[in-house]
Amino acid sequence: MNKKSKFGLDVIDSEEKSQKIQHVFSSVATNYDLMNDLMSLGIHRAWKKIAVMMCGAKSGNKVLDLASGTADLAMKFCKVVGSNGVVVVSDINNEMLSLGRERSIDEGFSNNTHFCQLSGEAIPFNDATFDVITIGFGLRNFTDKSAGLKEMRRCLKKNGRLLILEFSKPNNLFFIKVYDW
């Protein structure tokens with residue numbers, strides 16, 4: 001029996017979702033940052049900055065950024081962990097990962113970054129490898145969120161931090177109106 005997964009308002013086979021996600025991100029890669037700016041009115045940049053400040057990362061830490069896209073969140077961590085730290089920039093989509101790599105080189109962050117094409121549902125690192133694992137607006141694209149979360153937990157060091165940025169619809173009527181606005 002094929003596993004089912006949500007894609008927008010539809011419920012489809014997980015394999016079909018994986019293919020659709022690949023297609024979507026391959027087709028929007030070059031305009032991805034502009035799209036995020038337009039859809040969030042640029043607020044996603046502030047959220048990412050605040051999230052990095054709040055997560056407690058420090059010099060020398062090892063950070064895994066899943067679904068890195070164009071590496072904007074990963075590059076913020078490069079500044080924090082410094083030359084003694086490491087940031088692994090990862091994405092399942094090669095076009096997005098390539099743009100992130102180019103950007104890190106162009107902006108001078110390539111000295112403490114490594115790039116890895118991977119699925120967050122099957123992370124190819126040893127247990128307890130990372131001090132911080134992040135995923136910014138990518139968890140929704142997993143076909144098996146539970147498997148992905150288990151993998152993230154497995155790869156986190158004891159007392160490590162998992163940072164998930166994601167959109168959701170609030171339940172409180174007041175916040176629904178604010179969110180919709």
Side-chain angles (χ1 to χ4, degrees), residues 18 21-22 25 29 32-33 35-37 39-40 42-168 170:
S18 294
I21 293 292
Q22 284 290 344
F25 284 97
Y32 185 74
D33 289 328
M35 288 173 40
N36 279 342
D37 285 341
M39 288 190 300
S40 74
I43 294 171
H44 73 102
R45 293 179 187 274
W47 291 335
K48 290 172 182 175
K49 185 176 181 180
I50 292 166
V52 170
M53 290 184 333
M54 291 180 64
C55 86
K58 54 188 176 237
S59 179
N61 278 175
K62 286 184 79 172
V63 176
L64 170 62
D65 185 34
L66 296 167
S68 295
T70 59
D72 58 340
L73 184 58
M75 286 189 287
K76 289 179 182 358
F77 277 102
C78 288
K79 294 177 185 176
V80 174
V81 302
S83 59
N84 294 328
V86 172
V87 177
V88 177
V89 183
S90 71
D91 203 289
I92 198 167
N93 183 278
N94 187 54
E95 285 85 355
M96 295 297 286
L97 191 61
S98 293
L99 283 171
R101 184 182 300 116
E102 289 172 20
R103 184 176 183 186
S104 74
I105 292 167
D106 291 346
E107 296 184 21
F109 292 103
S110 59
N111 62 333
N112 63 343
T113 55
H114 299 279
F115 294 83
C116 185
Q117 187 174 357
L118 61 82
S119 166
E121 297 169 44
I123 301 171
F125 293 102
N126 292 331
D127 295 357
T129 298
F130 297 97
D131 300 289
V132 177
I133 296 178
T134 66
I135 183 165
F137 310 105
L139 188 61
R140 70 186 105 170
N141 297 320
F142 283 27
T143 56
D144 188 342
K145 291 174 186 64
S146 180
L149 291 168
K150 286 177 186 172
E151 280 292 278
M152 292 175 217
R153 177 150 169 57
R154 179 186 66 76
C155 291
L156 271 176
K157 291 180 180 178
K158 184 177 180 180
N159 298 320
R161 296 194 183 216
L162 173 61
L163 172 68
I164 300 173
L165 293 172
E166 194 59 79
F167 292 106
S168 65

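Treat the numbers as computed from the prediction; the structure is a model and nothing was measured. When reading the values below, keep in mind they use all heavy atoms of this one structure, side chains included, and skip hydrogens, waters and symmetry mates.
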Indicate the atoms forming the closest heavy-atom contact of F109 with C78, along with that distance. CD2-CB, 3.6 Å

Is there a side-chain contact between F130 and M152 in this structure, where contact means two heavy atoms from C-beta onward sitting under 4.5 Å apart? no

Under the rule for side-chain contact (heavy atoms from CB on, under 4.5 Å), what residues qualify as partners of V81, not counting sequence neighbours? N61, V63, V87, N112

Taking distance alone, no hydrogens or angles, what donor-acceptor pairs closer than 3.5 Å link side-chain atoms of residues 133-140 to residues at least two apart or in another chain?
from, atom 1, to, atom 2, distance (Å)
T134, OG1, D65, OD1, 2.5
R140, NE, E166, OE2, 2.7
R140, NH2, F137, O, 3.4
R140, NH2, E166, OE2, 3.1

Looking at CG of N94 and CZ of F115, how far apart are the two atoms once the value is rounded to the nearest 0.5 Å? 12.0 Å

Pairs where residues 46-87 contributes a residue and the test ring-ring contact (aromatic ring centres under 6.0 Å, His included) is met, not counting sequence neighbours: W47-F167

Taking every heavy atom of I92 against every heavy atom of S119, the minimum-distance pair comes out as CD1-CB, 3.8 Å

What distance separates K150 NZ from R153 CZ, expressed to the nearest 0.5 Å? 11.5 Å

One should read off an interatomic distance between S59 OG and N84 CG, to the nearest 0.5 angstrom, of 5.0 Å

Counting only pairs under 3.5 Å, give me each side-chain donor-acceptor contact of residues 154-162, with atom names and distances, residues two or more places apart or in other chains.
from, atom 1, to, atom 2, distance (Å)
R154, NE, E151, OE2, 2.9
R154, NH1, F125, O, 2.8
R154, NH1, D127, OD1, 2.8
R154, NH2, I123, O, 2.7
R154, NH2, F125, O, 3.1
R154, NH2, E151, OE1, 3.0
K157, NZ, D131, OD1, 3.4
R161, NE, C55, O, 3.1
R161, NH1, C55, O, 3.4

Mind checking side chain to side chain donor-acceptor pair (under 3.5 Å) for E107 and listing every partner two or more places apart, or none if nothing turns up? R103

Flag the pair I164 / L149 as yes when at least one side-chain heavy-atom distance between them is below 4.5 Å, and no otherwise. yes

Nearest heavy-atom contact between C116 and P124 is SG-CG, 4.5 Å

With side chains defined as the heavy atoms from C-beta onward, is the minimum distance between S104 and M75 less than 4.5 Å? yes

Just to verify, what does A147 make a side-chain contact (heavy atoms from CB on, under 4.5 Å) with, not counting sequence neighbours? D144

With sequence neighbours left out, what residues match T143 under side chain to side chain donor-acceptor pair (under 3.5 Å)? E121

With rounding to the nearest 0.5 Å, note down the distance linking CD in Q117 to CZ in R101. 9.0 Å

The reported gap from CG in L165 to CD1 in I50 (rounded to nearest 0.5 angstrom) is 10.0 Å

Measure the CG-CD1 distance between N111 and I105 for me, rounded to the nearest 0.5 Å. 11.5 Å

Of all heavy-atom pairs between G69 and D91, which one has the smallest distance, and what is that distance? N-OD2, 2.8 Å

